[in-house]
Amino acid sequence: MLQVLYIFIPMLAAILVPFLYKSIKNIHTGWFVLAIPATLAIIYITYIAKVADGEVFHAELPWIPSLNISVVSYLDGLSLLFSLLITGIGSLVVLYSIFYLDKHKEKLHNFYVYLLLFMSAMLGVVQSDHLITLYFFWELTSISSFLLIGYWFTRDASRLGALKSMMITVGGGLMMLGGFILLYLMGGTYSIRELIVLAPDLVHHPLFTWSLVLLLLGAFTKSAQFPFYIWLPDAMEAPTPVSAYLHSATMVKAGIYLVARFTPIFAVSELWVWLVTGIGILTLFWGSFFAIKQTDLKGILAFSTVSQLGLIMSLLGASAVAYHTNGAIDSIKFAAFAAIFHLINHATFKGSLFMIAGIIDHETGTRDIRKLGGLMSIMPISFTVTAIGSLSMAGLPPFNGFLSKEMFLTAMLALQNFEFFGFDTWGVFFPIIAWIASIFTFIYSFYFVFQTFTGKYTPEKLPQKPHEAPIGMLISPMILATLVIAIFFIPNFVGDTFVKPAVQAIQPFLYDSPQDIDIHVAAWHGSLTPELLMTIGIVIVGFLMFVALPKWQGMYTRFPQAFTLNNAYDKLMLGLDVGLNRVSRLYMTGSMRHYLLYMFSSIAAIVIGSLFVKNAFTFSFQNTAPIRSYEIILVVVLVIGTAITILAKSRLTAIIGLGSVGYTVALFFVIFNAPDLALTQLVIETISVALFLLAFYHLPKLGKREERMRFQLNRAIVSIAVGVMVTLVALSAQSQKLIPTISKYYEETVYSKAGGGNIVNVILVDYRGFDTLFEITVLGIAGMAILAMIKLRMNRKEKTHENK
């Protein structure tokens with residue numbers, strides 16, 4: 001149980017943040033918030049040793065037992081790694097934000113509430129073993145990230161970026177939910193672990209491919225894969241701590257996590273292998289190519305993030321090939337290991353680079369790389385951290401990015417040796433695209449660091465005089481930069497402790513425990529391997545192209561803006577806005593008659609159609625009570641009273657006719673042995689008639705001028721359809737039962753479970769207690785509104801009298 005509660009600790013702590021912000025103004029609110037992720041990180045660290053030995057931890061908290069929905073926390077190598085990234089990087093981001101966000105200028109209570117809400121959502125995503133709760137937390141990440149991206153809501157760009165991110169990721173989440181539902185229909189369980197066990201049987205189900213595609217749509221939208229990446233660059237309008245947290249280590253990795261978690265279920269599919277690997281490698285190339293076009297530091301990092309996410313995704317796709325090789329291609333086993341290893345490396349170097357981009361903006365007043373340059377001597381610590389992160393991103397030693405990049409090239413080279421699914425022919429393109437994309441990665445890495453810190457210093461272009469950031473703001477990126485170097489020298493410690501348990505969770509059918517994974521990471525393998533030769537080529541070609549960058553960078557301006565994906569999104573949203581407004585104006589006429597016409601015709605069509613589809617037109621008058629003469633008289637009185645109410649020429653006559661209808665209904669309840677209902681009806685009817693009579697003086701008089709309305713066929717058809725519908729439903733309900741009536745359950749449990757003897761009262765108070773409560777609430781709100789209107793009218797009369 002306690003393991004589940006860890007997920008909700010940030011969310012519960014968020015409740016206290018506004019009170020701390022308002023009551024303790026002398027201390028930055030971030031210092032209180034910092035304790036939450038730091039404590040959780042320490043808690044999750046205690047699980048590392050046991051999980052590294054192959055142990056898993058499971059805890060469950062019932063949520064909606066009647067629907068078999070629970071919050072299930074499942075900690076294995078994969079979920080623990082992500083939990084450590086969420087809380088560990090989260091701690092550094094909160095520490096960084098304390099110095100980045102001014103406590104006197106920023107609404108810190110909003111920022112930290114959103115951040116803690118997002119943290120809980122991410123922990124829920126990576127630890128959930130239940131499909132429905134996973135989806136709940138998944139969409140919660142979209143909502144909380146929307147709030148974080150739009151934190152500076154007075155800026156148009158922030159609001160538009162937040163809206164775009166939510167529209168794309170929430171839309172993908174809905175597709176993913178469809179995939180989850182199909183998985184449940186196939187396997188009969190919401191548990192991911194149980195579905196993995198059933199995976200060999202699920203592949204033959206006709207819904208398998210649909211589920212696969214829908215799930216990947218959710219993963220691709222969240223992890224900014226092509227063509228859904230367009231939300232990520234616009235999300236850079238968020239404060240830099242948000243970018244460093246969401247877009248380097250957490251939110252964009254959620255899609256990576258989803259693909260990794262469901263690989264054991266879908267890896268047997270050829271479509272999965274091609275989609276994940278193909279979209280990943282395309283995203284890698286696309287992001288790296290267009291990163292060089294950007295002039296905003298965070299824009300460069302945004303496209304580089306797209307590129308790196310594509311790299312990890314392609315590796316996960318390649319790792320699925322291992323399910324089909326049976327060890328025939330030994331080098332392909334590096335794919336899953338490289339994916340997780342690079343995920344860790346990317347979180348370290350990209351987190352530090354985002355923070356440095358924020359520092360440069362904070363200390364110079366701009367992120368425009370065209371205005372920057374020559375800052376190395378002014379900001380030496382920032383330059384050192386940037387150089388470490390950038391060179392690691394470029395895949396150079398002695399930095400951790402070099403190791404995982406080499407393993408990536410190994411996996412891509414191995415794909416062309418796979419003789420199934422067409423990889424023995426088309427597979428040759430994967431190492432080629434990977435090599436070209438790596439060249440552009442090298443270029444934008446050098447572009448980011450050297451264009452900013454070397455070259456000519458132009459203070460006249462800067463909004464403010466630059467200087468080195470305070471040490472508090474530098475601590476977090478310095479820690480991440482230190483990890484970048486440390487991991488290069490202790491890769492196997494990281495591999496044995498964190499990577500192998502995660503790989504075993506991704507490939508449970510291939511490895512029984514993390515110790516079975518015989519992968520040893522080394523910077524030098526004793527010979528010139530093909531991947532090392534590719535790296536040498538990347539460095540040479542990349543350096544030459546970087547030197548010549550001013551001569552060819554202008555080609556990006558020749559790409560027509562009209563043909564970009566961003567423009568297509570904007571056109572689509574504008575078209576939907578205009579089109580839906582036109583549709584709305586067609587039926588939103590302001591006429592109550594039209595609205596009733598729409599509603600009654602829709603209800604009649606749906607109900608009559610359902611009766612027809614269900615073959616419910618079987619009428620039986622067996623076992624029905626005889627109709628007595630006084631009942632016929634009461635029906636006649638009921639009809640006459642209704643007609644008088646509608647056709648009356650005066651208000652008083654209409655009120656009397658309406659009262660006769662209500663009292664006649666009460667008599668029916670008496671005849672049918674329902675005294676409680678009769679009493680309730682009499683009380684309500686008496687009060688209603690009394691209120692009408694009391695308000696009689698204030699009611700508008702009925703018009704004496706007769707208005708002849710011409711006959712309208714459509715209204716006649718709808719009226720007849722509604723009458724036929726009610727009649728058919730009544731007769732069908734009397735004649736047959738599609739499902740057992742609930743009245744028997746009420747009769748059997750009214751005393752034993754509800755502790756009451758009067759079944760009507762028990763239904764209203766207990767079985768339908770919320771319904772009754774909401775009705776009372778509605779009446780209470782209506783009463784307060786009426787009282788406010790009366791007081792407002794009285795105040796106006798008093799003011800008018802005073803003026804006179």
Less than 3.5 Å apart, which donor and acceptor atoms pair up between the side chains of residues 390-397 and the rest of the protein, not counting sequence neighbours?
from	atom 1	to	atom 2	distance (Å)
S390	OG	T386	O	2.9
S392	OG	N400	OD1	2.6
S392	OG	G401	N	3.0

Legend entry - Any residue meeting side chain to side chain contact (heavy atoms under 4.5 Å, CB included) with S288, in chain and number order, not counting sequence neighbours: S307, A437, F440, T441, Y444

Legend entry - Check: W435 side chain, M534 main-chain N or O, donor-acceptor pair, under 3.5 Å: yes

Inset, instruction - Quick one: which residue pairs count as a salt bridge (charged side-chain N to carboxylate O under 4.0 Å, His left out) with a foot in residues 487-507, not counting sequence neighbours? - result: D496-K500

Legend entry - Main-chain N/O of T141 paired with S145 side-chain donor or acceptor, under 3.5 Å: yes

Legend entry - Inter-residue atom distance I340.CD1 - L81.CG, 0.5 Å rounding: 6.5 Å

Inset, instruction - Could you check whether the rings of F546 and F450 sit parallel, tilted or perpendicular, using 30° and 60° as the cut-offs? - result: tilted

Inset, instruction - Quick one: list whatever passes ring pair (Phe, Tyr, Trp, His ring centres under 6.0 Å) with F430, sequence neighbours left out. - result: W274, F423

Inset, instruction - Mind jotting down which residue pairs meet the salt bridge (charged side-chain N to carboxylate O under 4.0 Å, His left out) criterion with at least one end in residues 256-284? Sequence neighbours excluded, please. - result: D76-R261

Inset, instruction - Please check if the side chain of S223 supplies one atom and the backbone of I256 the other of a donor-acceptor pair under 3.5 Å. - result: yes

Inset, instruction - Output the distance between atom NE2 (H342) and atom CG (L316), rounded to the nearest 0.5 Å. - result: 11.5 Å

Inset, instruction - Kindly write out the residues that satisfy side chain to side chain donor-acceptor pair (under 3.5 Å) with H247, not counting sequence neighbours, or none if the list is empty. - result: none

Legend entry - Identified ring-ring contact (aromatic ring centres under 6.0 Å, His included) partner of F262 from the options F180, Y257, W272: F180

Legend entry - Sequence neighbours excluded, every pair satisfying ring pair (Phe, Tyr, Trp, His ring centres under 6.0 Å) that has a member inside residues 482-519: none

Inset, instruction - Working to the nearest 0.5 Å, report the span between CD1 of I369 and CD of Q294. - result: 10.5 Å

Legend entry - Sequence neighbours excluded, every pair satisfying salt bridge (charged side-chain N to carboxylate O under 4.0 Å, His left out) that has a member inside residues 296-320: D296-R367

Inset, instruction - Please lay out, stage by stage, how F82 and V125 fare under the test side chain to side chain contact (heavy atoms under 4.5 Å, CB included). - result: CA-CA 10 Å; F82 275 87; V125 166; over 6 Å; no

Inset, instruction - Using atom types as modelled and distance alone, determine if a side-chain donor or acceptor of S476 lies under 3.5 Å from a backbone N or O of L92. - result: yes

Inset, instruction - Return the set of residues passing side chain to side chain donor-acceptor pair (under 3.5 Å) with T283 (not counting sequence neighbours), or none when no residue passes. - result: Q225

Inset, instruction - Taking side chain to side chain donor-acceptor pair (under 3.5 Å) as the test, write out the residues that go with E531, two or more places apart. - result: T410

Inset, instruction - Measure the spacing between CG of L177 and CG of L182 and express it to the nearest 0.5 Å. - result: 9.5 Å

Legend entry - Residue pairs involving residues 535-558 (criterion side-chain hydrogen bond (donor to acceptor under 3.5 Å, both in side chains); sequence neighbours excluded): K405-T535, E406-T535, Y447-Q553

Legend entry - Q515 (side chain) donor-acceptor with G54 (main chain) under 3.5 angstrom: no

Legend entry - Validation row: Q507, I517 side chains within 4.5 angstrom (heavy atoms): no

Inset, instruction - State whether the number of non-hydrogen atoms from other residues, nucleotides or ligands found under 6.0 Å of Y569 atom OH is greater than 12. - result: yes

Pairs of donor and acceptor atoms involving the side chains of residues 227-235, under 3.5 Å and at least two apart or interchain, shall be tabulated with distances.
from	atom 1	to	atom 2	distance (Å)
Y229	OH	W286	NE1	2.7
W231	NE1	T221	O	2.9
D234	OD2	K164	NZ	2.7

